[in-house]
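Have a look at the structure below before the remarks.
Numbers for residues simply follow the sequence, beginning at 1.
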Amino acid sequence: SICVYDRVTVVGSDENPLVPELFVEAVETYSRPVFSPPVFKAVVYQLIARLASQDRQQQILAQQLAGIQPALTYLEKNHLPENGVAQLAQMCHMSEVSFRKKFRQYAGMAPSAYILRQKLQRAKWLLRSGIYSVAETAEAVGFEDASYFSKVFKKHTGVTPTQFRK
């Protein structure tokens, strides 16, 4: 969201819409004909507290991401490793249980669901390109069986890969 107040432009985010509102309130409080230092101070403190809270949330997310970053980087470039989630956990120097918990905190889903989503996104891109057949797409995204790929694709998208290509 963007709010223009005289010559001040405040750009907010959907994550924390209160920040621009508090900033505008601080400017309005400061600009009133009868300036009240205690009111202004309270609004500024509230704004600072909100910004500090937002910063802390970002730090927590960065810490969560840092723990599983090696696995995420691996998954961007490769298919699921042979030993599956256990190998991803090992890459991150965690137990499988800890890895699954941390991964779910970060991604909002289990590692297997995330991996499937990534595979289907890649498959959609390849199918849209029109260059690859359904079988080639299935193999490229890590499915050994094209018919199983078609079944999974249809279950999650509502259409077959062939229909999606058109």
Side-chain angles (χ1 to χ4, degrees), residues 1-4 9-24 46-47 49-166:
S1 63
I2 299 176
C3 178
V4 178
T9 303
V10 179
V11 179
S13 70
D14 293 336
E15 295 171 8
N16 202 342
L18 190 55
V19 170
E21 292 173 17
L22 288 170
F23 186 80
V24 170
Q46 193 176 9
L47 178 61
R50 176 60 62 160
L51 289 170
S53 171
Q54 185 176 336
D55 183 54
R56 180 68 183 132
Q57 289 170 349
Q58 288 173 344
Q59 287 175 358
I60 289 169
L61 183 60
Q63 287 171 347
Q64 289 173 347
L65 176 60
I68 61 169
Q69 186 62 52
L72 293 172
T73 302
Y74 179 88
L75 290 173
E76 285 175 19
K77 299 174 184 167
N78 305 285
H79 302 302
L80 183 63
E82 232 176 83
N83 296 337
V85 176
Q87 193 171 340
L88 294 174
Q90 191 175 24
M91 286 178 202
C92 299
H93 308 288
M94 310 180 177
S95 70
E96 193 172 337
V97 172
S98 294
F99 175 79
R100 286 180 186 278
K101 183 178 177 183
K102 222 174 236 287
F103 196 97
R104 187 177 288 278
Q105 286 174 336
Y106 168 75
M109 62 184 75
S112 56
Y114 178 86
I115 291 163
L116 179 60
R117 188 180 76 182
Q118 294 298 104
K119 284 181 175 184
L120 292 175
Q121 286 175 342
R122 287 182 195 142
K124 287 177 184 178
W125 186 84
L126 292 171
L127 290 168
R128 274 193 204 110
S129 76
I131 299 170
Y132 302 98
S133 69
V134 173
E136 291 169 329
T137 300
E139 185 180 338
V141 299
F143 283 87
E144 293 179 17
D145 182 2
S147 62
Y148 178 68
F149 164 72
S150 294
K151 181 180 175 182
V152 171
F153 190 92
K154 183 172 182 174
K155 179 182 176 184
H156 289 275
T157 64
V159 295
T160 66
T162 305
Q163 292 169 331
F164 186 84
R165 283 183 76 189
K166 295 179 182 179

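By the side chain to side chain donor-acceptor pair (under 3.5 Å) test, T160 pairs with Q163, sequence neighbours left out. The side chain to side chain donor-acceptor pair (under 3.5 Å) test applied to R165 returns no partner, not counting sequence neighbours. Considering only residues two or more places apart in sequence or on other chains, E96 meets the side chain to side chain donor-acceptor pair (under 3.5 Å) condition with R100. Among residues two or more places apart in sequence or in another chain, the side chain to side chain donor-acceptor pair (under 3.5 Å) test is passed with E136 by S133. Not counting sequence neighbours, the partners of A107 by the side chain to side chain contact (heavy atoms under 4.5 Å, CB included) test are F103, M109, Y114.
Taking CD of Q118 as the reference point, atom CG of L72 lies at 8.5 Å (rounded to 0.5 Å). Here the NZ atom belonging to K101 is positioned 13.5 Å from the CD1 atom belonging to I68, to the nearest 0.5 angstrom. In this structure, CH2 on W125 lies 6.5 Å from OH on Y132, to the nearest 0.5 angstrom. Taking OG1 of T137 as the start and CG of L120 as the end, the distance is 11.5 Å to the nearest 0.5 Å. Here CG of L126 is found 10.5 Å from CZ of R128. Values are rounded to the nearest 0.5 Å.
Closest non-hydrogen pair, F99 versus M94, comes out as CA-SD, 3.6 Å. What you find for V141 and A123 is that their closest heavy atoms are CG1-N, 3.6 Å. Shown here for C92 and G67, the closest heavy-atom pair between the two residues is CB-O, 3.3 Å.
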Under 3.5 Å, sequence neighbours excluded: what are the donor-acceptor pairs made by side chains of residues 142-158?
residue: D145; atom: OD1; partner: S147; partner atom: N; Å: 3.1
residue: D145; atom: OD1; partner: S147; partner atom: OG; Å: 2.9
residue: D145; atom: OD2; partner: S147; partner atom: OG; Å: 3.3
residue: S150; atom: OG; partner: A146; partner atom: O; Å: 3.1
residue: T157; atom: OG1; partner: F153; partner atom: O; Å: 2.7
residue: T157; atom: OG1; partner: V159; partner atom: N; Å: 3.4
residue: T157; atom: OG1; partner: V159; partner atom: O; Å: 3.0

